[in-house]
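What follows is a short report on a single structure.
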Amino acid sequence: MRTPTICFLRQNNTIFLRIFMVLFLSGITANINLGSNLPSTATSATDLDVQSWLNSLSLDGHFSFHDLHRVSKDFGNQHQSVPSAILQPKSVSDIAATLKHVFQMGPSSKLKVAARGHGHSLRGQSHAPGGVVVDMKSLQGPEMRIHIGKVPYVDVSGGELWINILHESLKYGLAPKSWTDYLHLTVGGTLSNAGISGQAFRHGPQISNVHQLEIVTGKGDVVTCSEKQNADLFHAVLGGLGQFGIITRARIALEPAPKMVKWIRALYSDFSIFTKDQELLVSAEKTFDYIEGFVIINRTGLLNNWRSSFNPQDPLQASQFRSDGRTLFCLELTKNFNPDETNTVNQEVKSLLSRLSYIPSTLFMSEVPYLEFLDRVHVSEMKLRSKGLWEVPHPWLNLLIPRTGIHDFAKEVFGNILTDSSNGPILIYPLNKSKWDNRTSVVTPGEDVFYLVAFLSSALPSSSRPDSLEHLLDQNKRILDFCTTAGIGMKQYLPHYTTQEEWRAHFGPQWEAFAQRKSMYDPFAILAPGQRIFQREYPYAMLT
Ligand code: FAD
């Protein structure tokens, strides 16, 4: 592994000695807490050396050294980190050439590279302090290819947004099977995590619906992989938190798309009955197409949160229902249909609902086009943006809770730690472990059924205490502490840790395999430094 680097160095001794120094210095991290002054944008001598080195690469696209603050924040909006350069790739070989050169700098260089999808991560995961951020959106565009056949699929760039895939595939009457609630996320970004929404109980997460990937590894190699070809890299990258390679292309499974959905909500005041019904639905053969739920704590005005888009035709009785201070649990369901199937689908829905025990007067029903349903969060985004409430700090916490712990968890968290849910939605819905492939890198609890519980809070900087970032972070800490002391067996989704000990605990028995894969595909720990799993040190494997 070290031989090529040494040979390369012998040939280019003087230049590389200088570059080593430059890159070593440039690797000093530039993490800045919000609220502190931004670093100066003046270009230092070190920056200029990095610039001239990067500019010496022959690319289809280009490096940008200005406007670096454009990629210095993410959706979480709690940290800033400025890179030395942004790569705007126009081809896969641009990414490969960059990574190959950084790799050939050898172990003493500190230069890091992070792919940035849409920057919707929460804690700086797409940052590369002092390094190179690869703007994956530059790769999106005309290359999307739909294959219509017995097993339809679409080939897309890793920087493609899911909303664009939906628009394009709908032209052929097709759509991906598994989604996230919000579609303005990139393929590479969600496949690096898992990609979960209300369809996952049936189809598995998005990482269970990929046929093939093209990856640029941390050594700059371009590798096509699938279940049958380079299978270890394929599984490593899925849920791999960007640690093993940059996803430049993905082949995503498609299915016939319905034209419409019946969109249903109903309320429960008893958590046990709510979860019993959710579990009944996710285990049934004939069931709904999408199953989620959310928690409403101490609210009297009902269902007016950012995900609600029900229209005034909802039953009057339901819209007048009041919580009277009770904690309520809202079941959210959809059933897909085409207009010529209306009667049949109405019967099916009626029959399925008859098996459930929600509060009868709270049944909300609506019919909307499939596209409108899938892109529902974007409507809320537009509203929040218009009020300046989108770019606030988002101290989100996403947890996977094993079924056996969900009641203790709910009792303490919804009954004690949280006093209000007005800071943002709290999602809760069960997932079937059998739909997750345990060869991938993602970590889930070890039970057949586990719940996604997502606290999607927004902090208002100038607000009083319950909405403040400090208060919300403290609340998250209390939830995490409770999980530890009560032995809930929780795993974080979109995980965030700051020490390798915590990462080891997160991966548990999977840590050795994860670290082994790192030493295979990114031995100098160049990739996705913002996840803070591996230090850019060599041989990092000695740390494991
Ligand atoms: P980024 O945030 O830019 O990147 C995320 C990580 O992946 C970084 O480490 C980055 O380096 C790496 N990465 C990015 N692109 C690539 C690539 N091509 N190859 C390799 N690594 C790469 N998630 C769900 O599962 N379900 C949901 O319903 C859901 N809803 C959301 C709603 C909103 C409003 C937001 C903001 C996020 C939501 N997410 C959801 C979380 C989302 O999956 C993550 O934010 C994820 O990081 C995707 O965002 P991104 O494409 O902007 O990637």
Side-chain angles (χ1 to χ4, degrees), residues 54 57 59-64 67-76 81 83-100 102 112-122 124-128 131-145 154-166 168 176 180 182-195 206-207 210 212-218 220-225 237-252 494 521-522 526-531:
L54 291 173
L57 293 174
L59 303 177
D60 300 319
H62 66 278
F63 286 101
S64 160
D67 198 18
L68 299 174
H69 291 132
R70 177 167 68 80
V71 298
S72 67
K73 287 205 223 168
D74 61 14
F75 180 77
S81 172
S84 290
I86 304 171
L87 170 62
Q88 309 275 174
K90 282 279 163 280
S91 64
V92 174
S93 53
D94 284 355
I95 299 174
T98 304
L99 275 167
K100 187 146 266 181
V102 176
K112 303 158 207 155
V113 179
R116 179 181 172 95
H118 219 196
H120 278 93
S121 40
L122 300 165
Q125 287 92 337
S126 57
H127 290 164
V132 177
V133 165
V134 184
D135 181 357
M136 293 304 295
K137 290 209 298 321
S138 300
L139 265 187
Q140 75 184 44
E143 291 178 43
M144 208 187 308
R145 281 196 298 270
V154 59
D155 282 326
V156 294
S157 151
E160 194 58 81
L161 295 178
W162 286 97
I163 182 66
N164 296 339
I165 301 175
L166 178 60
E168 191 60 25
T180 46
Y182 175 62
L183 308 189
H184 297 248
L185 304 169
T186 64
V187 167
T190 68
L191 295 185
S192 296
N193 287 294
Q206 289 179 325
I207 54 169
V210 184
Q212 192 187 74
L213 296 170
E214 179 188 72
I215 304 296
V216 182
T217 68
D221 298 331
V222 181
V223 183
T224 301
C225 57
V237 165
L238 295 171
L241 306 173
Q243 294 303 303
F244 310 110
I246 295 186
I247 301 169
T248 46
R249 290 196 71 77
R251 179 165 291 176
I252 313 281
L494 310 173
Y521 304 117
D522 181 25
I526 292 164
L527 291 167
Q531 300 278 4

For A128 and S81, the nearest pair of non-hydrogen atoms, with its separation, is C-OG, 4.4 Å
Looking at D74 and G76, would you say the former's side chain and the latter's main chain have a donor-acceptor pair under 3.5 Å?
yes
Taken to the nearest 0.5 Å, the spacing of L99 CG from I246 CD1 works out to 5.0 Å
Looking only at heavy atoms, what is the nearest atom pair of M144 and I165, with distance?
SD-CA, 3.9 Å
Ignoring hydrogens and angles, tell me if any N or O in the side chain of H118 forms a donor-acceptor pair with the backbone of H184 under 3.5 Å.
yes
Non-hydrogen side-chain atoms of M136 and T186 separated by less than 4.5 Å
no
Among L87, V92, D94, find the one that has a side-chain contact (heavy atoms from CB on, under 4.5 Å) with K90.
D94
Treating Q125 as the side-chain partner and A528 as the backbone partner, does any N or O pair qualify as donor plus acceptor under 3.5 Å?
no
List the residues meeting side-chain hydrogen bond (donor to acceptor under 3.5 Å, both in side chains) with T190, not counting sequence neighbours, and say none if there are none.
W162, Q206
Could you tell me whether R116 and D135 make a salt bridge, using a distance below 4.0 angstrom between a side-chain N and a carboxylate O?
no
Taking the side chain from H127 and the backbone from S72, do they hold a donor-acceptor pair closer than 3.5 Å?
yes
Where is the tightest heavy-atom contact between D60 and S91, given as atom of each residue plus distance?
OD2-OG, 2.6 Å
Contact summary for S84 and L68, nearest pair of heavy atoms
O-CD1, 3.8 Å
Closest non-hydrogen contact found for C225 with I215 is SG-CG1, 3.8 Å
If only atom types and distance count, is the side chain of D522 paired as donor or acceptor with the main-chain N or O of L527 below 3.5 Å?
yes
Is the backbone of G119 close enough, under 3.5 Å, to the side chain of S126 for a donor and an acceptor to pair up by distance?
no
Please give me the minimum heavy-atom distance between P89 and I95, naming the atom from each residue.
CB-CG1, 3.7 Å
Take the angle between the ring planes of F75 and H120 and call it parallel below 30°, perpendicular above 60°, tilted in between.
tilted
Using side-chain heavy atoms (C-beta onward) and a distance below 4.5 Å, is L54 in contact with V132?
yes
Out of D155, V210, L213, V156, which one pairs with R251 under the side-chain contact (heavy atoms from CB on, under 4.5 Å) rule?
D155
If we only count heavy atoms from C-beta on, is the Q88 to V134 side-chain gap below 4.5 Å?
no
d(L185 CG, L183 CG) to nearest 0.5 Å is 7.5 Å
As an exercise, state the distance from OG1 of T224 to CD of E214, rounded to the nearest 0.5 Å.
5.5 Å
